[in-house]
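Along the sequence shown, residues are numbered consecutively beginning with 1. In what follows, every heavy atom counts, from backbone to side chain, and hydrogens, waters and symmetry copies are set aside.
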Amino acid sequence: MTHAHVTAPTQYVQASGIRFAYRRFGQDKGVPLVLMPHYRAGMDHWDPAVTDGLAASRPVILFDNAGIGASSGKTPNTMEEMADHAADFVGALGLSLIDVLGFSIGGYIAQTFALRHPDMVRRLMLVGTGPRGGEPASDPNIRKWADLTDAQTGESPLESFLYLFFRPSETSKAAGKAFWDRRHLRKNDVDPPSSSQAMAAQTAAIITWREVRRERYAELSEITQPTLVVNGSHDLMVPTINAYNLSQQIPRAQLIIYPDSGHGSLFQFPELFVAHGRMFLDGSI
């Protein structure tokens, strides 16, 4: 393996006026897997147990989209523009075909990417996410906790992540704390926090994403790639019913629901998620 999550150096590539920050690690051969993270997140918000596990058999690429983390520019306020920036980034790396893993808002971008740039996507993984115009969250505390996930606020981001990403059970909370420790293993060459501009733009894009266009879920039938949909059994942020709807409307989709877990199910069950993800990417399931 060439480098790993905590040692891969941050590199930069220029495309369409944006200086994109990225890290590439794992195997040299195979279709690269490009990861698109959650709200306000950059490269350091991923779980090394997930990224290194997937990188054992393929190249893994983490990147900061426009205006996020160490990348330049401003974050756009539509998923379409975010997806197009991602396509610019992939093209600047000289890649013509990739696999995509989108988590949360990253799943919204990943769907849009697959629809707008279908020839670039071989396989698609959608985790803790939902379709355009999907079922909204009902927990009134989500906005407050989401705004506290930035360590710069002086509040405890761990408590925010436990509330938003994990179940209140002792098992799930313990898994959440273990994830938190793994997430902070990288000590050098870390991403700067995303700006208030990025937060506002992503919030606006999420609000627009919740609007129904045309016939509800109609665009999902146009995603022709094999797709793996994954979620926890009790997702507060993007209710789990949205995962069912994705799997029913995307023609070549299959669904996995993990027990006693929430929005961050891939971080609660990293070994199991990696096993399922590798089987899917290899075409075994």
Side-chain angles (χ1 to χ4, degrees), residues 20 22 31-43 45-47 50-51 54 58-66 68 71 75-91 93 95-134 201-202 205-206 208-210 213 217 219-231 235 237-238 242-256 263-267 273 276-277 280-281:
F20 290 97
Y22 73 99
V31 177
L33 175 64
V34 176
L35 277 63
M36 301 180 180
H38 62 80
Y39 175 66
R40 302 170 70 189
M43 295 180 286
H45 287 76
W46 292 102
D47 185 345
V50 169
T51 57
L54 293 170
R58 60 188 29 84
V60 164
I61 299 173
L62 314 180
F63 83 109
D64 292 336
N65 213 333
I68 299 295
S71 290
T75 302
N77 61 5
T78 68
M79 302 301 171
E80 289 80 5
E81 290 177 276
M82 294 182 202
D84 289 347
H85 278 312
D88 291 339
F89 163 73
V90 171
L93 293 183
L95 302 175
S96 59
L97 187 67
I98 60 170
D99 294 327
V100 178
L101 190 166
F103 171 47
S104 195
I105 184 177
Y108 304 160
I109 300 169
Q111 292 172 60
T112 309
F113 186 100
L115 288 167
R116 293 173 71 84
H117 307 279
D119 293 341
M120 300 180 75
V121 181
R122 186 187 70 116
R123 284 178 173 256
L124 184 63
M125 300 172 70
L126 301 175
V127 186
T129 193
R132 185 189 302 276
Q202 287 192 342
I206 291 170
T208 301
W209 180 261
R210 290 172 179 158
R213 295 184 182 177
Y217 308 148
E219 66 183 13
L220 295 178
S221 65
E222 300 169 20
I223 297 177
T224 59
Q225 293 87 351
T227 302
L228 179 65
V229 182
V230 177
N231 208 344
D235 188 338
M237 298 193 73
V238 185
N242 289 291
Y244 286 97
N245 290 335
L246 283 172
S247 68
Q248 291 175 337
Q249 300 298 326
I250 297 174
R252 302 175 68 187
Q254 51 189 310
L255 174 66
I256 296 176
H263 193 59
S265 62
L266 74 169
F267 304 145
F273 176 78
H276 286 147
F280 169 73
L281 293 171

Flag, side chain of [X] to backbone of [Y], donor-acceptor distance under 3.5 Å:
{"X": "Asn65", "Y": "Met82", "answer": "yes"}
{"X": "His276", "Y": "Phe273", "answer": "no"}
{"X": "Glu222", "Y": "Leu115", "answer": "no"}
{"X": "Arg252", "Y": "Gln225", "answer": "no"}
{"X": "Arg122", "Y": "Leu281", "answer": "yes"}
{"X": "Gln254", "Y": "Pro226", "answer": "no"}

Give me the atom names and distance for the closest heavy-atom approach of [X] to [Y].
{"X": "Gln249", "Y": "Leu220", "answer": "CB-CD1, 3.5 Å"}
{"X": "Ser104", "Y": "His38", "answer": "CB-CB, 3.6 Å"}
{"X": "Ile61", "Y": "Leu93", "answer": "CD1-CD1, 4.0 Å"}
{"X": "Gly128", "Y": "Asp235", "answer": "CA-OD2, 4.0 Å"}
{"X": "Val127", "Y": "Leu101", "answer": "CG2-CD2, 4.2 Å"}
{"X": "Glu81", "Y": "Pro76", "answer": "CB-CB, 3.4 Å"}

_Test log, rule side chain to side chain contact (heavy atoms under 4.5 Å, CB included), inputs Met36 and Phe113_ = CA-CA 11 Å; Met36 301 180 180; Phe113 186 100; 3.9 Å; yes
*asked:* For Tyr244, is the OH atom crowded, meaning more than 12 foreign heavy atoms sit under 6.0 Å from it?
replied: no
Distance, nearest 0.5 Å, that separates [atom1] of [X] from [atom2] of [Y]:
{"X": "Phe20", "Y": "Asp64", "atom1": "CZ", "atom2": "CG", "answer": "10.0 Å"}
{"X": "Tyr108", "Y": "Arg210", "atom1": "OH", "atom2": "CZ", "answer": "6.0 Å"}
{"X": "Glu219", "Y": "Gln111", "atom1": "CD", "atom2": "CD", "answer": "7.0 Å"}
{"X": "Gln202", "Y": "Ile68", "atom1": "CD", "atom2": "CD1", "answer": "4.5 Å"}
{"X": "Ile256", "Y": "Leu266", "atom1": "CD1", "atom2": "CG", "answer": "12.0 Å"}
{"X": "Asn231", "Y": "Asn242", "atom1": "CG", "atom2": "CG", "answer": "8.5 Å"}

Measuring only between side-chain heavy atoms, which start at C-beta, is [X] closer than 4.5 Å to [Y]?
{"X": "Ile105", "Y": "Arg40", "answer": "no"}
{"X": "Thr227", "Y": "Leu126", "answer": "yes"}
{"X": "Val230", "Y": "Ser265", "answer": "yes"}

*Can you label the angle between the Phe103 ring and the Trp46 ring as parallel, tilted or perpendicular, going by 30° and 60°?*
tilted
_Going by the rule side-chain contact (heavy atoms from CB on, under 4.5 Å), which residues pair with Glu80 if we only count those two or more places apart in sequence or in a different chain?_
Thr78, Thr112, Arg116, Arg132, Arg213
*asked:* Please determine whether side chain to side chain contact (heavy atoms under 4.5 Å, CB included) holds for the pair Leu35 and Val60, giving the CA-CA distance in whole Å, both sets of side-chain angles, and the decisive distance to 0.1 Å.
replied: CA-CA 8 Å; Leu35 277 63; Val60 164; 4.0 Å; yes
*Walk me through it: do Val31 and Arg123 pass the test side chain to side chain contact (heavy atoms under 4.5 Å, CB included)?*
CA-CA 10 Å; Val31 177; Arg123 284 178 173 256; over 6 Å; no
*Evaluate the criterion side chain to side chain contact (heavy atoms under 4.5 Å, CB included) for residue pair His85 and Thr75; output intermediate values, then yes/no.*
CA-CA 10 Å; His85 278 312; Thr75 302; over 6 Å; no
